[in-house]
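Below is one structure, written out as structure tokens; the observations come after it.
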Amino acid sequence: MFNLFTAVFLALLAPAGTLGAALAGSDCTGTISSFDDVSDAVKCTTVIINSFTVPAGETLNIKLADNAIVNMMGDVAFGNQTWEGPLFEISGKNVQFNGNGHTFDGNGPFYWDGQGGNGGVTKPAPMMKVKISGLWTNVRVLNSPERAYSVGNDEPLVMSNLTIDNSLGDLPNSQSDGLPAGHNTDGFDCSTSNLVIEDSIIMNQDDCLAINEGSNIVFQRNTCSGGHGISIGSISSDVTVTGIIIQDNTVITEDQALRIKTHSDATNASVTNVTYSGNTATGMRQFGVLIDQSYPDTLGTPGNGVIISDINFIGSETNIAVDSDAQKVAVNCGVGSCNGIWDWSALSVTGGSSGEIVNFGGIEDFSQ
Ligand SMILES: *[C@@H]1O[C@H](CO)[C@@H](O)[C@H](O)[C@H]1NC(C)=O
Ligand SMILES: *[C@@H]1O[C@H](CO)[C@@H](O)[C@H](O)[C@H]1NC(C)=O
Ligand SMILES: *[C@@H]1O[C@H](CO)[C@@H](O)[C@H](O)[C@H]1NC(C)=O
Ligand SMILES: *[C@@H]1O[C@H](CO)[C@@H](O)[C@H](O)[C@H]1NC(C)=O
């Protein structure tokens with residue numbers, strides 16, 4: 001009652017168009033050609049973004065009206081400054097954002113030192129914080145300083161036809177001591193539900209996708225190259241991941257194609273109902289499939305505080321080719337924490353050597 005009264009009272013006092021601008025927009029076209037244009041432009045339900053550079057040390061924070069339609073007509077670059085970021089943030093319900101192939105340029109080479117989030121200079125991360133529902137399409141992200149997208153939609157969101165191009169970070173630079181200059185350049189970090197990511201290209205040096213928490217997530221028809229593959233995790237305490245579909249993706253020259261990683265000390269968490277179907281991977285450097293409960297170690301002493309169940313390779317065949325010194329499949333479960341029967345009848349892995357299956361006997365219709 002108090003809240004309703006307060007809201008009505010404030011609405012009467014507020015000049016038209018200010019209060020509630022985050023909900024119902026005005027029927028106008030707002031144009032963003034500089035950082036200072038943002039606050040006025042987002043009052044409109046139609047927004048155009050022209051080419052400009054965001055001042056160093058600022059977040060381009062676009063808080064859209066419900067049902068807004070946004071089109072990029074030029075590229076946006078971010079000024080150079082060592083700070084925590086994010087560089088870009090966007091929110092709004094049932095929004096349609098079309099990049100029309102235009103680019104957000106993070107100027108990664110200014111920051112890259114081969115250390116990512118583990119040291120060196122402070123790097124803005126994530127570069128792109130997406131909180132809208134609706135559609136985010138045809139956007140190119142170039143050279144993220146560290147992690148590229150973090151996704152946290154409240155209502156259903158489709159992200160399609162995107163490019164994340166951090167391929168330049170594969171090369172060393174003068175600061176990286178011979179290592180690839182880009183590091184921890186995750187493609188999509190997702191702690192969210194009701195999300196589809198499809199038809200996109202991700203070139204980077206860390207996870208292509210990392211699902212940290214959430215349900216009803218589909219990742220399909222994407223191409224990942226250069227990094228650490230398509231991951232669920234790393235899973236921490238008190239987290240649930242369920243209802244995940246990973247299908248028809250192409251994975252090229254990554255450490256592993258498909259991975260589930262859970263922290264060895266995590267408790268009260270679960271990863272259930274994950275379906276892999278129709279994926280193709282070539283040139284895996286370490287593993288084809290890796291399910292490991294010893295994170296941050298690899299194949300170390302596993303914890304058993306994260307339940308893993310109902311992990312299946314079904315439908316169209318998933319075909320993975322690993323390098324000669326890589327392992328086909330390694331599964332490192334804690335005692336009693338991997339449960340049930342997993343149908344792996346639609347998985348084929350060639351090359352390399354067989355890995356170990358530890359503390360679990362429920363994988364059916366697969367041999368390596
Ligand atoms: C995908 O993006 C490309 C390049 O930006 C563009 O030419 C193409 O029309 C887009 N496809 C769809 C379905 O929007
Ligand atoms: C930011 O850094 C990049 C890469 O080092 C450089 O090419 C660019 O000119 C710099 N931009 C500005 C505005 O200083
Ligand atoms: C277990 O995790 C759930 C969230 O998944 C949380 O609500 C609950 O409080 C946690 N239980 C304990 C004992 O920490
Ligand atoms: C598993 O996840 C799929 C995809 O989200 C969903 O359709 C299905 O109902 C789930 N199955 C169970 C048993 O929860």
Side-chain angles (χ1 to χ4, degrees), residues 49 51 69-76 95-105 128 134-142 148-149 151-153 155-165 167 187 190-203 209 211-223 230 232-250 258 260 262-263 265-279 303-316 318 337 339-344 346 362:
I49 301 178
S51 184
I69 295 177
V70 186
N71 276 283
M72 287 177 78
M73 305 305 283
D75 298 340
V76 174
V95 162
Q96 287 182 52
F97 188 106
N98 192 339
N100 296 302
H102 289 293
T103 297
F104 288 100
D105 183 351
M128 310 288 294
L135 176 66
W136 172 268
T137 190
N138 298 331
V139 175
R140 178 167 173 256
V141 167
L142 180 65
Y149 279 105
V151 188
N153 50 300
E155 291 179 14
L157 172 64
V158 174
M159 302 180 78
S160 71
N161 204 24
L162 310 176
T163 300
I164 298 173
D165 186 354
S167 54
C190 303
S191 294
T192 196
S193 296
N194 303 318
L195 172 67
V196 176
I197 299 173
E198 61 190 16
D199 301 312
S200 296
I201 296 171
I202 300 96
M203 295 168 268
L209 168 74
I211 298 175
N212 300 117
E213 178 167 18
S215 60
N216 191 24
I217 298 173
V218 178
F219 190 75
Q220 61 187 358
R221 301 188 301 266
N222 304 290
T223 299
I230 298 171
I232 293 174
S234 50
I235 299 297
S236 306
S237 294
D238 306 328
V239 157
T240 300
V241 172
T242 189
I244 309 297
I245 298 175
I246 310 277
Q247 63 188 4
D248 302 328
N249 300 288
T250 302
L258 304 166
I260 299 175
T262 75
H263 280 273
D265 61 359
T267 56
N268 183 39
S270 64
V271 177
T272 61
N273 189 12
V274 179
T275 301
Y276 298 102
S277 172
N279 301 289
N304 64 359
V306 182
I307 301 300
I308 304 183
S309 66
D310 211 3
I311 311 298
N312 298 303
F313 287 85
I314 51 178
S316 306
T318 287
S337 48
N339 290 333
I341 301 297
W342 301 355
D343 178 350
W344 283 25

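Whatever order the structure lists ligands and atoms in, that order sets their numbers, starting from 1.
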Let's go through N268 and S237 carefully: what are the C-alpha distance in whole Å and the side-chain angles of both, what is the deciding distance for side chain to side chain contact (heavy atoms under 4.5 Å, CB included) to 0.1 Å, and is it a yes or a no? CA-CA 6 Å; N268 183 39; S237 294; 5.7 Å; no

Is any N or O atom of T137, backbone or side chain, closer than 3.5 Å to an N or O atom of ligand 1? no

So is N138 polar-close to ligand 1, meaning N/O to N/O under 3.5 Å? yes

Is there a donor-acceptor contact under 3.5 Å linking the side chains of [X] and [Y]?
X: T163; Y: R140; answer: no
X: N100; Y: N138; answer: no
X: T242; Y: T272; answer: yes

Residue I245 vicinity, atoms of ligand 4 by number, heavy atom under 4.0 Å: 4 (C)

G243: numbered ligand 4 atoms lying under 4.0 Å from its heavy atoms: 2 (O), 5 (O)

Filter the ligand 3-protein atom pairs down to N or O on both sides and distance under 3.5 Å, then list them.
| unit_1 | atom_1 | unit_2 | atom_2 | d |
| --- | --- | --- | --- | --- |
| ligand 3 | 2 (O) | N268 | ND2 | 2.4 |
| ligand 3 | 5 (O) | D238 | O | 3.4 |
| ligand 3 | 11 (N) | N268 | ND2 | 2.9 |

Check the angle between the aromatic planes of Y149 and W136 and answer parallel, tilted or perpendicular using the 30° and 60° thresholds. perpendicular

Mind listing the side-chain donor-acceptor pairs of residues 195-202 below 3.5 Å, one per line with the distance, residues two or more places apart or on another chain?
| unit_1 | atom_1 | unit_2 | atom_2 | d |
| --- | --- | --- | --- | --- |
| E198 | OE1 | Q220 | NE2 | 2.9 |
| E198 | OE1 | R221 | NH2 | 3.4 |
| D199 | OD1 | R221 | NE | 2.7 |
| D199 | OD2 | R221 | NH2 | 3.0 |
| S200 | OG | N161 | N | 3.4 |
| S200 | OG | L162 | N | 2.9 |
| S200 | OG | E198 | O | 3.0 |

Identify the two heavy atoms, one from T318 and one from S277, that lie closest to each other, and give their separation to 0.1 Å. OG1-C, 3.6 Å

Among all residues two or more places apart in sequence or in another chain, which pass the side-chain hydrogen bond (donor to acceptor under 3.5 Å, both in side chains) test with N249? N222, N279

Check side-chain hydrogen bond (donor to acceptor under 3.5 Å, both in side chains) between N312 and all other residues, then give those that pass, not counting sequence neighbours. D310

Could an N or O of ligand 4 be found under 3.5 Å from any N or O of D310, whether backbone or side chain? no

Using a 4.0 Å cutoff against the non-hydrogen atoms of G101, which atoms of ligand 1 qualify? 5 (O)

I need the atoms of ligand 1 closer than 4.0 Å to a non-hydrogen atom of N161, numbered in the order shown. 1 (C), 2 (O), 3 (C), 8 (C), 10 (C), 11 (N), 12 (C), 14 (O)

Any idea which part of T242 is under 4.0 Å from ligand 4, heavy-atom wise: side chain, backbone, both or neither? neither

Between CG of D343 and CD1 of I311, what distance do you get to the nearest 0.5 Å? 12.5 Å

